[in-house]
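Notes to accompany the following structure.
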Amino acid sequence: MSIVIVLGEVAMLLFLTGLFFFLAGLEGSKKSLTKLALKRVELLLKKLSDNNLLSLLVGVVSTAILQSSSGLTVIVISLIESGYLALKPAVLIIMGANIGTTLTVHLISLPIISYYSCIIISGLVVAIIGLFVNKKVFFGGLSLFCFGTAFAGLHLMTASFDLASSRNIIYNLLAFSRGNYLKGILLGALATGIVQSSSVITAITVSLARVNLINLSDAIAVTLGSNIGTCITGFLASINASIFSKRLAWGHLLFNFIGVLVLLPVIKPFIFLLDSTNTSLARQVANAHTLFNIYNLIIFLPFLNTFISVLRRGLNGDI
């Protein structure tokens with residue numbers, strides 16, 4: 001019994017260490033990339049008009065660069081309140097950000113994470129060179145170093161799930177939602193709301209997929225739930241903020257929640273499609289994250305003007 005307890009503690013320590021490195025690396029990469037590209041992103045956002053396609057593309061690309069949909073949302077809100085941006089392009093940018101943020105999931109699902117040590121060393125070398133060259137080279141190297149750190153953390157989390165003691169815990173946790181889409185969605189939403197990061201929950205799901213501790217159906221359900229749970233961050237951020245922040249928070253929640261509801265009737269064909277996209281379960285999970293957000297966007301676009309009108313009803317005046 002004592003051996004089992006010790007193994008359980010080792011697995012938990014390994015997981016928590018990996019989670020710490022993953023979060024620290026992810027946050028570091030966001031900060032570094034923000035230093036590199038924030039001003040250019042802000043200038044680009046200010047030039048937006050009512051070009052729907054351009055607004056969507058800016059949301060996708062900006063979030064992929066900044067590695068933070070939450071960071072982009074803060075910028076968008078500040079631009080609305082300063083009069084640089086209208087509500088419609090702002091909503092479209094947030095919709096595009098949902099797609100752009102899936103880049104992180106694709107990165108962590110690739111075999112590249114096995115080369116985390118090379119990435120860390122390369123980033124460190126480039127950052128040191130940047131100290132003597134310029135800030136852009138330094139922050140470029142620092143972002144690479146942080147990505148390597150995040151990959152190392154993910155590697156540790158995967159290793160912790162390989163231990164028998166962890167497998168038993170995971171099996172018991174997933175037993176709650178196994179084979180039930182609604183329970184899986186609820187689990188993903190609650191877990192994301194608690195840790196305040198869809199990237200963390202998706203990373204854990206990818207790690208479970210790597211060691212075959214979760215099947216595709218349950219992984220998709222948790223991923224869908226994480227898309228709803230991530231909206232809680234926006235609500236918390238808008239508690240003491242302006243009406244614009246609150247409307248965007250509500251818009252984000254409605255967009256993701258309705259998207260999940262609309263997908264449920266075709267969930268089985270969706271799973272069949274994902275099963276054919278790749279032989280790797282980890283890659284299938286990443287593809288699910290991206291395809292859901294693209295599907296959600298396609299469903300919403302025909303009703304965009306109606307959706308904007310609903311959000312404007314609580315505003316004091318039109319914007």
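Pairing each heavy atom of F255 with each of N296, the nearest pair is O-ND2, 3.0 Å. Counting all heavy atoms, side chain and backbone alike, G148 lies closest to I120 at C-CG1, 3.5 Å. Residues I214 and L281 share a closest heavy-atom pair of O-CD2, 3.1 Å.
Screening V58, L301, L53 against L92 for a side-chain contact (heavy atoms from CB on, under 4.5 Å) leaves a single residue, L301.
Hydrophobic clustering, with ILVMFWY side chains joined whenever heavy atoms are under 4.5 angstrom apart, keeps V126 apart from L131.
Residues L224 and I267 are in side-chain contact: their nearest non-hydrogen atoms beyond the backbone lie under 4.5 Å apart. Within the 4.5 Å cutoff, no side-chain heavy atoms of H289 are placed close to those of V285. No side-chain heavy atom of D218 sits under 4.5 Å from any side-chain heavy atom of V222. Looking only at side-chain heavy atoms (C-beta outward), R283 and T277 stay at 4.5 Å or farther from each other. Looking only at side-chain heavy atoms (C-beta outward), H106 and N287 come within less than 4.5 Å of each other. By the 4.5 Å heavy-atom criterion applied to side chains, L216 and I220 are counted as neighbours.
Residue-environment remark: CZ (F300) exceeds the threshold of 12 foreign heavy atoms within 6.0 Å.
Residues N256 and N98 bring a donor and an acceptor atom of their side chains to less than 3.5 Å of each other.
Using a 30° and 60° split on the angle between ring planes, F270 and Y295 fall in the tilted class, from 30° to 60°.
One distance of note links CD1 of I185 with OG1 of T223; it measures 10.5 Å at 0.5 Å rounding.
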